[in-house]
Amino acid sequence: MKNFLKSNISQESLALLLTQAPIALSMLMGDDFIIQVANPQILELWGKPANIIGSKLLDALPEIKDQPFIDFLKNVKKTGNPYKGYKQLAYIVRNGKTEECYFDFIYAPIYNDDESEIIGVSVVATETTDQVLAERKVAETEYKFETLIKEADYAIGLYAGKDHIIEVANDKILNAWGKTNAVIGKKIREGIPELEGQPFLQILKDVYETGETYSASEDKVLLEKNGKLETFYYNFSYKPLKNENGEVYAILNFATDVTDLVLAKKQVQDNEDKYKNLADSLPIIIWTADKDGNIDYYNKKWYDYTGFEGIIDDRKSASQKILHPDDVDKAMKVWKTSQKNKTGYEIEYQFKDREKENGYRWFLGKAVPIKNDQGEVIQWIGTCTDIDEFKQFQQQKDNFLGIASHELKTPLTSLKLYSQFLEKNLKKQDDHNNAVVALKMDEQINKLNNLINDLLDVTKIQNGKILLNTSEFNFDALVNEIVEEQQMSTNHRIYLESESIGNILGDRDRISQVMSNLINNAIKYSPNSDKIQIKSKLLENNNILFCVKDYGIGIPENKKDRVFEQYYRVSGTKEHTFPGLGLGLYISSEIIKRSGGKIFVNSVEGKGSDFCFEIPRAKTPN
């Protein structure tokens with residue numbers, strides 16, 4: 001070829017050929033590398049016009065002065081050895097702006113006709129700037145990807161090819177496997193041999209072949225840790241990575257260790273099953289509801305008693321299905337109050353008895369709210385206990401007490417007459433010692449008489465037969481009268497703070513009974529105090545407020561609502577318990593209710609109590 005060129009192509013023809021070539025070409029002649037030939041392609045690469053042809057290279061491209069290209073050219077001209085540059089960096093001024101460029105090029109010597117002397121250097125160049133920048137971007141992306149994988153909070157692995165070579169594995173997945181980075185580069189079946197016999201290798205094969213992502217939650221896997229095969233649970237996914245042709249070339253594995261969560265859930269489930277079994281074994285109905293009161297659980301006793309199937313989450317529907325019609329509204333009112341105040345409740349109501357036509361049984365319903373640290377209700381727990389036998393026994397007891405009280409009333413009246421007659425005769429005979437004994441006997445008969453009257457009142461209340469004899473009377477005079485009577489029989493000092501109220505409508509005797517009961521209780525339950533305070537005043541709503549305040553043992557917060565129950569008694573410390581049947585406050589509350597009023601108590605345990613009732617002044621009592 002060299003002989004062909006020598007014999008057939010002149011240097012001028014060669015220059016013309018180079019000028020018209022489709023690649024960037026140039027001929028640099030002499031020691032100053034005069035640009036003899038520069039085709040349009042190389043002029044474009046240099047960013048220079050055609051008039052630089054004939055100029056020295058450094059005059060045409062002064063920006064390359066401190067770059068290595070002149071040295072490369074001198075070496076080629078001196079030694080005759082071609083120089084190849086690959087993705088060589090060059091700073092070229094184009095359109096008045098210095099640009100970072102990259103080139104593949106060849107510098108080759110040009111000889112004279114007899115090949116005795118190197119007279120110049122030929123340049124063949126291709127710009128690779130876009131390729132280099134693209135490769136750099138890919139490299140940066142790969143670095144970021146690798147850094148992301150290494151620093152991720154998830155266990156991540158990348159498995160290449162159909163043999164699933166472990167190409168990338170961050171520390172978290174290596175720790176999960178119980179392996180070191182020595183497994184990187186191995187097939188996954190070789191790096192983690194314990195996966196044999198487990199479904200994961202087949203799943204990887206299916207993902208690679210189908211190109212479809214596989215995800216699983218709380219999946220069980222056996223992994224070898226410290227030479228021991230252990231059970232773990234993971235949320236994980238196998239995601240196929242595809243090339244531009246849509247072919248799978250690798251699988252990306254994301255995994256999160258949820259072993260502790262799964263074991264905790266299992267423990268919760270075991271505990272739940274345990275407590276459900278316990279609840280099912282109890283002879284009472286147990287239910288739970290969400291924060292809004294929607295019932296989500298009944299124990300076995302509910303279904304056995306009612307014969308219902310499934311959950312009736314609507315409380316009103318459940319109430320209408322099971323409760324006596326007279327109890328539905330009462331039960332719903334109690335529930336709404338409890339829900340509003342975020343407090344528990346206790347109520348007695350009747351459930352249908354499906355074993356008896358039109359039959360009902362008494363139940364005691366209780367519920368308490370379960371609250372979080374912020375005091376918000378998160379759940380309700382309730383019970384329904386069959387108290388029908390107790391209610392029947394209570395009715396029998398009340399009937400007995402009513403009958404016994406009536407039967408005792410007549411002989412007791414006679415006994416009182418005899419004691420009074422005996423006292424008078426002994427005084428006439430100047431037998432004062434025995435007269436005192438007779439007086440004490442009369443006092444005890446009075447106490448017994450009061451007790452019987454209480455029992456008779458309870459019987460009347462239970463049967464709805466207690467009547468109020470309404471009349472107009474002076475409330476202020478009644479208060480003064482009661483205070484004087486009570487002061488005569490106690491060492492406590494009774495302080496009265498009273499507004500002028502005047503005449504009211506009501507049952508004077510029954511209201512007197514309530515006042516006396518409250519004052520007697522104040523004296524009885526403040527043995528270590530010597531002061532009782534009584535207040536009465538007219539309220540803005542034209543109601544009368546009467547209060548008795550003591551400084552005695554007080555009432556625990558959780559028992560204040562029970563003091564008006566039948567037979568309920570408040571006890572003090574272990575050193576003393578106060579006598580009585582627990583009927584006085586019950587009778588008083590019923591009298592006040594029937595008078596159209598209300599009775600309530602404010603109390604602090606250990607500091608005393610303030611019992612009050614409020615009744616209308618001029619309103620006709622109920």
Practice item. Report yes if the side chains of E499 and S536 come closer than 4.5 Å at any heavy-atom pair, otherwise no. Key: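 E499 vs S536: side chains apart.
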Quick one: does [X]'s side chain have a donor or acceptor within less than 3.5 Å of a partner on [Y]'s backbone?
{"X": "D550", "Y": "I532", "result": "no"}
{"X": "D530", "Y": "H492", "result": "no"}
{"X": "D327", "Y": "L323", "result": "no"}
{"X": "S516", "Y": "Q513", "result": "no"}
{"X": "S603", "Y": "I555", "result": "yes"}

Review point. Can we call the ring centroids of Y305 and Y303 under 6.0 Å apart?
Key: no
Exercise for review: Would you check, one step at a time, whether the test salt bridge (Lys or Arg N to Asp or Glu O under 4.0 Å) holds for D388 with K391?
Suggested key: CA-CA 5 Å; D388 196 69; K391 293 289 286 187; over 6 Å; no
Review point. Without hydrogens or angle criteria, can the side chains of D206 and Q202 be said to hold a donor-acceptor pair below 3.5 Å?
Key: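 Looking only at side-chain atoms, Q202 and D206 do form a donor-acceptor pair, the distance falling under 3.5 Å.
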**Study point:** Side-chain donor-acceptor contact under 3.5 Å, D296 with T288
**Key:** yes
Check your understanding: Between E376 and K342, is there a salt bridge with N-O shorter than 4.0 Å?
Key ->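 Answer for the salt bridge query: yes.
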**Study point:** E346 vs K366, salt bridge (Lys or Arg N to Asp or Glu O under 4.0 Å): CA-CA, chis, key distance, verdict
**Key:** CA-CA 5 Å; E346 183 174 310; K366 291 184 178 181; 3.7 Å; yes
Check your understanding: Just one of Q269, Q267, K274 clears the side-chain hydrogen bond (donor to acceptor under 3.5 Å, both in side chains) bar with N271, so which one?
Key ->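 One option only clears the test, and that one is Q267.
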Practice item. List the atom of G157, the atom of I173, and the distance in Å for their closest heavy-atom pair. Key: N-CD1, 3.7 Å
Point to revise | Straight-line distance of F546 CZ to S498 OG, nearest 0.5 Å | key: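 So the CZ of F546 and the OG of S498 are separated by 9.0 Å.
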Point to revise | From CG (D280) to CH2 (W302), nearest 0.5 Å | key: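 Output value for this atom pair is 14.5 Å.
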Exercise for review: Verify side chain to side chain donor-acceptor pair (under 3.5 Å) between Y551 and Q533, making sure each step is shown before the conclusion.
Suggested key: CA-CA 9 Å; Y551 298 88; Q533 288 183 311; 2.6 Å; yes
